[in-house]
Student: 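Below are the structure tokens for one structure; questions will follow.
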Amino acid sequence: MAQEVKVETKLPEAGFEALRTNGAKVNYFFICKRKLWLYSKNLTMESSSDQVTLGKLLHDRSYRYQPKREIMIDNLIKIDLVGSDVIHEVKYSRKMEQAHRWQILYYLYYLKQLGIEGFKGEINYPKLRRKEEVSLSSEQEAEMTQILREIKQIENSSESPDASFSSVCRKCSYAELCWG
């Protein structure tokens with residue numbers, strides 16, 4: 001069960017409040033814009049996905065010894081693990097590495113907007129016994145702002161983006177909606 005952490009937000013950027021989103025949407029932005037749009041319309045298909053179930057099992061069984069697991073911030077982002085100066089995101093496979101990387105960069109960005117700095121990120125792939133360290137640069141901060149604007153545009157659109165077939169479509173929980 002995720003712990004809820006309320007943080008007073010003292011945001012220096014006026015636009016951040018309007019652009020805030022959750023990590024899944026940032027992840028989906030890099031995987032598939034249509035998937036992002038469907039998810040933003042509360043069409044969630046993850047509960048019927050074997051891939052998602054496997055990922056949840058791996059997540060639940062990995063790092064059980066860690067005391068700070070599943071930290072929820074502002075009922076919006078859920079950080080898998082928190083160390084003294086590192087936040088961790090646990091993933092099943094490296095197939096969508098760019099999406100994983102931007103998701104944890106978003107968490108670092110979000111924390112920075114709240115005035116919480118000094119953290120680094122780490123993507124853990126326990127099945128592969130690999131990890132990737134992630135740091136947020138000023139260039140990535142600027143790019144993140146643009147990404148968040150594009151996510152809001154997709155969410156606010158009355159029409160879904162066109163489906164574009166890629167290799168990830170075969171195992172996507174939304175495949176039936178796009179190709180069925």
Side-chain angles (χ1 to χ4, degrees), residues 7 9-47 49 51-52 55 71-80 87-117 119-123 125 132-180:
V7 180
T9 56
K10 299 174 188 168
L11 303 173
E13 293 181 354
F16 178 67
E17 277 296 319
L19 296 176
R20 292 179 343 146
T21 191
N22 66 39
K25 290 179 182 177
V26 173
N27 187 299
Y28 291 174
F29 177 81
F30 288 93
I31 295 170
C32 174
K33 307 293 191 274
R34 185 178 180 111
K35 183 175 185 172
L36 167 61
W37 185 86
L38 291 165
Y39 181 82
S40 74
K41 303 302 182 202
N42 294 317
L43 294 169
T44 56
M45 305 295 287
E46 288 83 0
S47 61
S49 168
Q51 291 298 112
V52 173
I71 306 297
M72 180 68 82
I73 299 175
D74 293 340
N75 204 27
L76 200 55
I77 64 170
K78 186 189 309 181
I79 299 172
D80 291 345
I87 61 170
H88 301 262
E89 184 67 17
V90 179
K91 297 294 184 184
Y92 187 78
S93 149
R94 294 179 71 179
K95 284 184 183 175
M96 297 173 216
E97 195 168 9
Q98 179 188 31
H100 301 161
R101 184 173 183 73
W102 279 100
Q103 182 177 356
I104 201 161
L105 284 169
Y106 176 63
Y107 294 162
L108 293 168
Y109 175 87
Y110 192 101
L111 292 172
K112 187 170 183 179
Q113 297 306 309
L114 298 177
I116 303 168
E117 297 188 55
F119 277 91
K120 292 180 184 169
E122 187 174 286
I123 305 169
Y125 301 98
E132 178 187 344
E133 294 180 7
V134 179
S135 296
L136 180 66
S137 69
S138 56
E139 294 84 15
Q140 290 165 325
E141 282 184 60
E143 195 171 345
M144 183 62 72
T145 301
Q146 183 57 35
I147 290 165
L148 294 174
R149 284 188 184 114
E150 289 180 42
I151 289 171
K152 285 299 175 195
Q153 287 176 341
I154 292 168
E155 288 178 323
N156 293 332
S157 175
S158 60
E159 294 184 27
S160 73
D162 290 334
S164 176
F165 190 81
S166 74
S167 61
V168 298
C169 293
R170 287 185 183 94
K171 293 185 179 182
C172 178
S173 56
Y174 292 82
E176 183 92 13
L177 295 174
C178 297
W179 313 109

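Everything numeric in this text was worked out from a predicted model, so none of it was measured.
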Student: Check whether Arg34 reaches the backbone of Asp162 with its side chain - one donor and one acceptor, N or O, closer than 3.5 Å.
Tutor: no
Student: Please report the interatomic distance CZ(Phe165) to SG(Cys172), rounded to the nearest 0.5 Å.
Tutor: 10.5 Å
Student: Using modelled atom types only, decide if a donor and an acceptor are shared between the side chain of Ser157 and the backbone of Ile154 within a distance under 3.5 Å.
Tutor: no
Student: For Leu136 and Leu108, work out which heavy atoms get closest and say how close.
Tutor: CD2-C, 3.9 Å
Student: Quick one: CD1 on Ile79 to CD1 on Ile73, what's the gap to the nearest 0.5 Å?
Tutor: 4.0 Å
Student: Is the shortest heavy-atom distance from the side chain of Gln146 to the side chain of Arg149 under 4.5 Å?
Tutor: yes
Student: Do the side chains of Tyr125 and Glu97 get nearer than 4.5 Å, heavy atoms only?
Tutor: yes
Student: Does any part of the side chain of Val26, heavy atoms only, come nearer than 4.5 Å to the side chain of Leu148, both counted from C-beta?
Tutor: yes
Student: Are there over 12 heavy-atom neighbours, none belonging to Asn156, within less than 6.0 Å of that residue's CG?
Tutor: yes
Student: Quick one: OG on Ser135 to CD on Glu122, what's the gap to the nearest 0.5 Å?
Tutor: 10.5 Å
Student: Any side-chain heavy atom of Asp74 within less than 4.5 Å of one from Arg20?
Tutor: yes
Student: For Thr21, is there any backbone N or O sitting under 3.5 Å from a side-chain donor or acceptor partner on Tyr106?
Tutor: yes
Student: Quick one: does Val168's side chain get under 4.5 Å of Lys95's, heavy atoms only?
Tutor: no
Student: Does any part of the side chain of Asn27, heavy atoms only, come nearer than 4.5 Å to the side chain of His100, both counted from C-beta?
Tutor: yes
Student: Between Met144 and Gln113, is the side chain to side chain contact (heavy atoms under 4.5 Å, CB included) condition met? List the steps.
Tutor: CA-CA 12 Å; Met144 183 62 72; Gln113 297 306 309; over 6 Å; no
Student: With a cut-off of 6.0 Å (strictly less than), are more than 12 heavy atoms of other residues, nucleotides or ligands near CD of Glu176?
Tutor: no
Student: Check whether Lys33 reaches the backbone of Tyr28 with its side chain - one donor and one acceptor, N or O, closer than 3.5 Å.
Tutor: no
Student: Should the ring pair Trp102 and Phe30 be called parallel, tilted or perpendicular, given that the plane angle runs from 0 to 90° and is split at 30 and 60?
Tutor: parallel
Student: Closest heavy-atom contact between Lys41 and Glu155?
Tutor: NZ-O, 2.5 Å
Student: Restricting to non-hydrogen atoms, name the atom on Ala175 and the atom on Cys169 that form the minimum distance, rounded to 0.1 Å.
Tutor: CB-O, 3.4 Å
Student: Drop me the distance from Ile151's CD1 to Asn22's CG, to the nearest 0.5 angstrom.
Tutor: 9.0 Å
Student: Please report the shortest heavy-atom distance between Pro161 and Trp37, naming the atom on each side.
Tutor: CD-CB, 3.5 Å
Student: Tell me if a side-chain donor or acceptor on Tyr174 pairs with a main-chain N or O of Leu43 at a distance below 3.5 Å.
Tutor: yes
Student: Output the distance between atom OH (Tyr107) and atom CG (Asp80), rounded to the nearest 0.5 Å.
Tutor: 7.0 Å
Student: Would you give the length of the straight line joining atom NE2 of His88 to atom CD1 of Ile104, rounded to the nearest 0.5 angstrom?
Tutor: 8.0 Å
Student: Hey, is NZ on Lys120 packed in by over 12 heavy atoms from elsewhere, all under 6.0 Å?
Tutor: no
Student: Can you establish whether the number of heavy atoms outside Glu117 located under 6.0 Å from its atom CD is more than 12?
Tutor: yes
Student: Do Lys91 and Glu132 make a side-chain contact, defined as non-hydrogen atoms from C-beta onward lying under 4.5 Å apart?
Tutor: no
